[in-house]
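Given the structure is predicted, the values throughout are model-derived calculations rather than measurements.
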Amino acid sequence: MPLLANFLFIFAFQRFVSFLCIMLKLILALLVTSLLYSCSFDADQEKAILDTTTRYIFAGNNSLPLSIAGLTHPEILKSLMKRSDTVILAHFEKELIYRRDPVILENKQDGDVIHVKIQVEERFSEYEGLDTLVKGNLYLVSENDGKNWFVVSKKDYESKKIGNFKRLL
């Protein structure tokens, strides 16, 4: 019995260390990205972008659909609430994919509204045991000059179904 307990502890510890390494790489990538684009955002805006992006990627990588819903732009949620519960659930389950290596591609500002386009690597398991990495985009939107950020998926950003959502990019 102690041998099994030791094995389980070592296994859990290895998983935890692996998780920490992934998170450190993610944070490092975000910090490097923020340094490259430091001239376009102030320190508080950069911190808020880093925080929102990290939480969104963490939620998707760890199958936390309610966290993803909490970070999603209110106009997207309002549009989804008009549909059935199964549509809402399916929408957020589609966001539960593995993402890594975020890089800010571009941003635009119109008054207090700021849109940031972020490129990420996304991993899809198409077949059992085979993974495919593709480049995908996320959009971060702030309507109060970068104090708070919401995430919009590429599909939602490009969708015409969301009516009152102003697109800058």
Side-chain angles (χ1 to χ4, degrees), residues 15-80 88 91-124 131-169:
R15 297 278 300 195
F16 178 73
V17 170
S18 174
F19 169 75
L20 285 178
C21 288
I22 291 170
M23 290 307 293
L24 287 174
K25 287 179 185 177
L26 176 66
I27 290 170
L28 180 63
L30 286 171
L31 288 174
V32 168
T33 301
S34 67
L35 287 175
L36 292 175
Y37 287 91
S38 63
C39 59
S40 58
F41 299 113
D42 65 28
D44 292 334
Q45 290 172 330
E46 286 182 22
K47 182 181 180 304
I49 290 171
L50 175 67
D51 182 50
T52 303
T53 306
T54 302
R55 288 188 303 152
Y56 190 83
I57 290 174
F58 179 82
N61 291 353
N62 292 288
S63 300
L64 303 170
L66 289 178
S67 294
I68 290 176
L71 294 167
T72 300
H73 193 279
E75 286 297 324
I76 307 299
L77 295 174
K78 194 183 301 182
S79 171
L80 290 172
I88 295 169
H91 180 82
F92 290 113
E93 284 180 348
K94 288 178 186 173
E95 290 301 309
L96 299 177
I97 58 175
Y98 180 80
R99 291 183 173 101
R100 68 178 189 190
D101 299 336
V103 177
I104 295 175
L105 292 181
E106 61 180 308
N107 61 67
K108 277 196 178 168
Q109 184 168 357
D110 181 17
D112 283 346
V113 178
I114 306 171
H115 289 210
V116 178
K117 183 177 183 180
I118 296 179
Q119 183 180 52
V120 293
E121 282 188 359
E122 299 175 338
R123 182 182 351 178
F124 297 95
D131 291 334
T132 303
L133 283 173
V134 296
K135 301 281 186 193
N137 294 327
L138 293 174
Y139 294 87
L140 269 64
V141 177
S142 174
E143 295 174 349
N144 58 2
D145 199 30
K147 292 177 184 74
N148 299 317
W149 292 89
F150 295 102
V151 180
V152 179
S153 68
K154 180 181 178 182
K155 181 180 175 185
D156 290 334
Y157 196 87
E158 295 172 351
S159 173
K160 302 299 181 201
K161 294 179 183 177
I162 295 102
N164 296 333
F165 184 69
K166 183 179 180 182
R167 291 156 185 85
L168 298 179
L169 298 174

Do K25 and D101 meet the salt-bridge criterion of a basic N to acidic O distance under 4.0 Å? no
Atom pair CD1 (I104) and NZ (K117), whose distance is rounded to the nearest 0.5 Å: 13.0 Å
Taking all non-hydrogen atoms of both residues into account, name the closest pair between N107 and L169 and its distance. C-CD2, 4.1 Å
Side chains of S159 and D156: donor-acceptor distance under 3.5 Å anywhere? no
Does H115 form a side chain to side chain contact (heavy atoms under 4.5 Å, CB included) with V113? I'd like the steps, not just the answer. CA-CA 7 Å; H115 289 210; V113 178; 3.5 Å; yes
Would a distance-only check, ignoring hydrogens and angles, find a side-chain to backbone donor-acceptor pair under 3.5 Å from S142 to I114? no
Below 30° counts as parallel, above 60° as perpendicular, anything between as tilted: where do the rings of F41 and W149 land? perpendicular
Between A59 and I68, which heavy-atom pair has the shortest distance, and what is it? CB-CG1, 3.7 Å
Can you see which heavy atom on N137 is nearest to which on L105, and at what distance? OD1-CD1, 3.9 Å
Is the side chain of Q45 donor-acceptor paired with the backbone N or O of D42 at a distance under 3.5 Å, no angle test? yes
Carefully, step by step, assess E122 and Y98 under the rule side chain to side chain contact (heavy atoms under 4.5 Å, CB included). CA-CA 6 Å; E122 299 175 338; Y98 180 80; over 6 Å; no
Minimal non-hydrogen separation, A48 against K147, with atom names: CB-O, 3.8 Å
Scan residues 56-65 for pairs that pass side-chain hydrogen bond (donor to acceptor under 3.5 Å, both in side chains), counting only residues two or more places apart or in two chains. Y56-E95
Can you tell me how far the CD1 atom of I22 sits from the CZ atom of R100, to the nearest 0.5 Å? 9.0 Å
Report the distance from atom CG of L138 to atom OG1 of T52, rounding to the nearest 0.5 Å. 11.5 Å
Spacing of L140 atom CG and N148 atom CG [to the nearest 0.5 Å]: 11.5 Å
Taking D51 for the side chain and R55 for the main chain, is one N or O donor matched with an acceptor at less than 3.5 Å? no
Below 4.5 Å, heavy atoms only, C-beta onward: do N144 and D112 meet side chain to side chain? no
Interatomic spacing from NZ in K154 to CD1 in I118 - rounded to 0.5 Å: 14.5 Å
Measure centre to centre between the rings of Y139 and H73, then say whether the value is under 6.0 Å. no
My understanding is that only residues two or more places apart in sequence, or in another chain, count here; which of them pass ring-ring contact (aromatic ring centres under 6.0 Å, His included) with H91? none
So, taking the atom named CG in L80 and the one named OG1 in T72, what distance separates them when rounded to the nearest 0.5 Å? 8.0 Å
Could you verify whether a donor N or O on one side chain and an acceptor N or O on the other, from D145 and Q109, lie under 3.5 Å apart? yes
Minimum heavy-atom separation for P102 and T53, please, with both atom names. CB-CG2, 4.0 Å
Do the charged groups of R99 and E121 touch, with an N to O distance under 4.0 Å? no
